[in-house]
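Below is one structure, written out as structure tokens; comments come after it.
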Amino acid sequence: MPGNPQEIKLVNNAIANATRRKIMNFLAEGERTAEEIGESFGKPMLDYHLKLLQQANLVEVKEGTAGLTEYGRNFLEGKPEKGEEKGADISRAKPVELTEIRQLLPCIADSTKFRTIASMTPPLGGVLKVLEPLFPRGRYSDRIGALITQKGEVITTIYATGKVTMTMVKNEGEAKEMLDSLKETINEAIAKGVAPAPREKVRVEAMEIYNYLPKTDCKDCGEQSCYTFAIKLMAGETSMDKCTPLKDSKYAVNQEHLQVLTAYI
Ligand code: SF4
């Protein structure tokens with residue numbers, strides 16, 4: 001199963017080409033001989049295409065016959081990793097438009113920053129879950145039916161219904177820029193028509209966790225300091241709900257950030 005950056009690169013490279021994607025779809029119906037594949041997609045580059053698909057562990061070639069590997073089958077179907085629910089079919093998704101920023105309100109956590117609400121049309125529904133690997137810090141929440149991504153201080157939440165919220169943006173210009181980049185990223189994936197490859201895990205440091213804690217060292221969590229709490233949280237020796245001050249509404253944005261970060265521990 002691809003997991004390291006080199007393997008992810010091989011998968012991305014393999015599926016970046018339309019012919020190779022077509023070959024994969026062709027093989028989804030069952031194993032085929034090289035002759036049969038060549039007749040449908042041309043013979044001159046066939047060895048090259050099959051070699052790249054094989055290197056990415058999407059296709060297995062044995063004695064002149066090619067078939068999808070288990071990973072290749074799961075990948076094509078947009079299936080997330082073992083045990084997870086199958087997402088919606090990205091190949092049927094339509095390119096999205098991100099329309100008007102409807103509100104630009106001061107953030108509760110920091111009045112110098114803004115919270116914005118925009119809308120995505122058409123709504124992506126279950127496809128959002130499949131798009132999670134596009135974002136280095138992104139996770140899909142079944143509970144709220146939304147894809148939550150983090151970039152710097154800004155948390156963007158894309159709901160299955162099409163609503164998009166952003167917290168801690170500097171101004172309308174930054175919000176527009178981030179929405180444009182979001183639209184471009186999503187539409188590129190939709191144009192490819194296959195689920196993005198599993199992402200590389202983003203390392204989370206204790207200091208990053210600490211930065212979003214209340215930093216009062218009140219010891220309510222049973223630890224000597226907020227930094228000790230951050231280290232124990234990283235080690236899985238405590239849980240976020242032990243920090244009771246965090247439940248205060250003034251830390252709502254901090255909580256959102258911590259939820260995104262702790263998903264990557
Ligand atoms: S309860 Fe929260 S604020 Fe208090 S020391 Fe622990 S981590 Fe810090």
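Both counts, for ligands and for their atoms, begin at 1 and track the order of listing.
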Using side-chain contact (heavy atoms from CB on, under 4.5 Å), reason through Ile186 and Leu124 one step at a time and then give a plain yes or no.
CA-CA 10 Å; Ile186 290 176; Leu124 284 173; 3.8 Å; yes
Heavy-atom contacts with Asp217 under 4.0 Å: which atoms of ligand 1 show up? List them by number with element.
5 (S)
Starting from atom 3 (S) of ligand 1, locate the nearest protein heavy atom and write down its residue, its atom name and how far away it is, to 0.1 Å.
Thr216 OG1, 3.4 Å
List every atom of ligand 1 that sits less than 4.0 Å from any heavy atom of Pro214, numbering the atoms from 1 in the order shown and giving each element.
3 (S)
Is it true that a side-chain atom of Lys163 and a backbone atom of Thr157 form a donor plus acceptor pair closer than 3.5 Å?
no
I'd like to know if the side chain of Asn187 and the backbone of Val96 have a donor-acceptor N/O pair within less than 3.5 Å.
yes
Starting from atom 4 (Fe) of ligand 1, locate the nearest protein heavy atom and write down its residue, its atom name and how far away it is, to 0.1 Å.
Cys218 SG, 2.3 Å
Short N-O contact, Glu188 and Lys192, less than 4.0 angstrom:
no
Should you measure from each heavy atom of Phe229, which atoms of ligand 1 turn up under 4.0 Å away?
7 (S)
Atom 2 (Fe) of ligand 1: which protein heavy atom is closest, and how many Å away?
Cys243 SG, 2.4 Å
Just let me know how Lys219 lines up against ligand 1, side chain, backbone, both or neither, with a heavy-atom cut-off below 4.0 Å.
backbone
Name the orientation class of the two ring planes belonging to Phe41 and Phe26 (parallel below 30°, tilted from 30 to 60°, perpendicular beyond 60°).
perpendicular
Where do Glu97 and Met120 land on the side-chain contact (heavy atoms from CB on, under 4.5 Å) test, with the steps shown first?
CA-CA 6 Å; Glu97 278 302 324; Met120 181 177 281; over 6 Å; no
For atom 8 (Fe) of ligand 1, what is the closest protein heavy atom, and at what distance to 0.1 Å?
Cys226 SG, 2.2 Å
Which protein heavy atom lies closest to atom 6 (Fe) of ligand 1, and at what distance to 0.1 Å?
Cys221 SG, 2.3 Å
Using a strict threshold of under 4.0 Å (side-chain N to carboxylate O), is an ion pair present between Glu132 and Arg139?
no
Quick check: closest heavy atoms across Glu174 and Val169, and the distance to 0.1 Å?
OE1-CA, 3.3 Å
Examine the proximity of ligand 1 to Leu246 and report which part, side chain or backbone, both or neither, has a heavy atom under 4.0 Å away.
neither
Ligand 1 to Asp220, heavy atom cutoff 4.0 Å, flagged ligand atoms 1 (S)
